[in-house]
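Report on one structure; see the data block that follows.
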Amino acid sequence: MVMDLAGIDFSAPSPEVARRLIGVTLLVDGVGGRIVETEAYDASEPASHCYAGLTERNFSMFGQPGRSYVYRSHGLHWCLNFVCREPDHGAGVLIRALEPLDDAAGLALMRERRGLDDVRLLCSGPGRLAQALGVTRAHNNLPLDAPPLVLLPRRREVEVLAGMRIGISKAVELPWRFVEAGSRFLSKPHRG
DNA sequence: GCAGGGATGAACT
DNA sequence: GTTCATCCCTGCA
């Protein structure tokens with residue numbers, strides 16, 4: 001079965017899905033913004049959580065495409081992924097940064113959750129983004145087309161650049177990080 | 001039992 | 001620009 005959310009086929013390989021997610025709006029309980037940075041992971045490469053096969057932590061990555069995978073990183077941060085490709089294969093896209101929506105109520109809530117005002121630091125990193133949107137373990141393995149999650153198609157074309165992934169020690173050479181060209185809201189500048 | 005992690009923020013040069 | 005402590009849970013020996 002093919003998940004078609006915000007014009008994206010989540011049964012496609014994860015780099016393809018990661019590229020097409022740039023510019024898409026993500027909301028969690030009405031709070032969020034435009035996705036400006038993603039990274040693809042796949043069971044065929046050792047940086048992925050699903051490389052070693054099905055475990056208790058990563059079970060949602062082996063489920064249906066078009067759902068969420070949330071895990072705890074370094075014991076204190078939560079990170080949000082979108083599951084893609086066929087069941088039993090294991091692949092996903094890490095959502096690394098958002099451009100906060102220009103909405104007063106949502107911005108106030110994100111600032112309160114993050115404990116700071118600077119809009120550029122609200123969602124510029126996977127842990128920061130999860131904190132600003134209130135994502136926790138309770139958001140693991142949820143469908144992306146039902147509350148509290150909402151995906152909205154991009155309203156204009158965006159220029160997407162591919163580069164090397166960040167914060168990993170294996171398979172670092174794969175150009176599976178995707179960013180919106182020129183965005184001020186990236187977790188790190190683009191590196192080709 | 002233990003090493004290490006898809007990170008962050010503060011404290012540095 | 002760079003290192004460093006910190007969180008605690010997962011996975012494998």
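Please read these numbers as outputs of a predicted model, since none were measured by experiment. Sequence lines set the chain letters: A, B, ... in the order given, protein chains first and strands last, and positions in each chain run from 1.
Grouped with A:Tyr51 in a hydrophobic cluster is no other residue, since no side-chain heavy-atom contact under 4.5 Å to another Ile, Leu, Val, Met, Phe, Trp or Tyr is found.
Within 4.0 Å (heavy atoms only), A:Arg96 reaches sugar-phosphate atoms of the nucleic acid but no base atom. Within 4.0 Å of A:Leu94, counting heavy atoms only, lies at least one base atom of the nucleic acid.
For A:Val70, the side chain to side chain contact (heavy atoms under 4.5 Å, CB included) partners two or more places apart in sequence, or in a different chain, are A:Trp78, A:Leu80, A:Val135, A:His139, A:Asn140. In this structure, the side-chain hydrogen bond (donor to acceptor under 3.5 Å, both in side chains) partners of A:His49, at least two apart in sequence or on a different chain, are A:Tyr69. Contacts of A:Ser44 classified as side-chain hydrogen bond (donor to acceptor under 3.5 Å, both in side chains), with partners at least two apart in sequence or in another chain: A:Asp42. Partners of A:Ser124 according to the side-chain hydrogen bond (donor to acceptor under 3.5 Å, both in side chains) rule, which considers only residues two or more places apart in sequence or in another chain, are A:Arg128. Applying the salt bridge (Lys or Arg N to Asp or Glu O under 4.0 Å) rule to A:Arg165 yields the partners A:Glu45; only residues at least two apart in sequence or on another chain are considered. With sequence neighbours excluded, the residues satisfying side-chain hydrogen bond (donor to acceptor under 3.5 Å, both in side chains) with A:Arg114 are A:Gln131.
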message: Once pairs are restricted to Watson-Crick or G-U wobble with both distances under 3.5 Å, how does DNA chain B read as a dot-bracket string, [ ] for crossings and | for other-strand pairs?
response: |||||.||||||.
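Comparing A:Ser169 and A:Leu129, the nucleotide of DNA chain B nearest to each residue sits closer to the 5' end for A:Ser169.
Atom CD of A:Glu112 sits in a sparse spot, with 12 or fewer heavy atoms from other residues, nucleotides or ligands closer than 6.0 Å. Atom CG of A:Asp118 has more than 12 heavy atoms from other residues, nucleotides or ligands within 6.0 Å.
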Please tabulate, one pair per line, each protein N/O and nucleotide N/O from nucleotides 2-4 of chain C that are separated by under 3.5 Å, including the distance.
none

Dump every N/O contact between nucleotides 11-13 of chain C and the protein below 3.5 Å, one line per pair.
unit_1: C:dG11; atom_1: OP1; unit_2: A:Thr55; atom_2: OG1; d: 2.1

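Phosphate contact (OP1/OP2 of B:dT8, side-chain N/O of A:Arg114, threshold under 4.0 Å): absent. Proximity of A:Arg137 to the phosphate of C:dT10: a side-chain N or O atom is located under 4.0 Å from OP1 or OP2.
Sorted by first and then second residue, the side-chain hydrogen bond (donor to acceptor under 3.5 Å, both in side chains) pairs with a member in residues 27-40 of chain A read A:Arg34-A:Glu99, A:Arg34-A:Glu180, A:Glu37-A:Arg96, A:Glu37-A:Arg177, A:Glu37-A:Ser187, A:Glu39-A:Tyr41; sequence neighbours excluded.
A stacked arrangement is assigned to A:His74 and the six-membered base ring of B:dA7, with a centre-to-centre distance below 5.5 Å and an interplanar angle below 30°.
Of the residues in residues 180-190 of chain A, none has a non-hydrogen atom less than 4.0 angstrom from any atom of DNA chain B.
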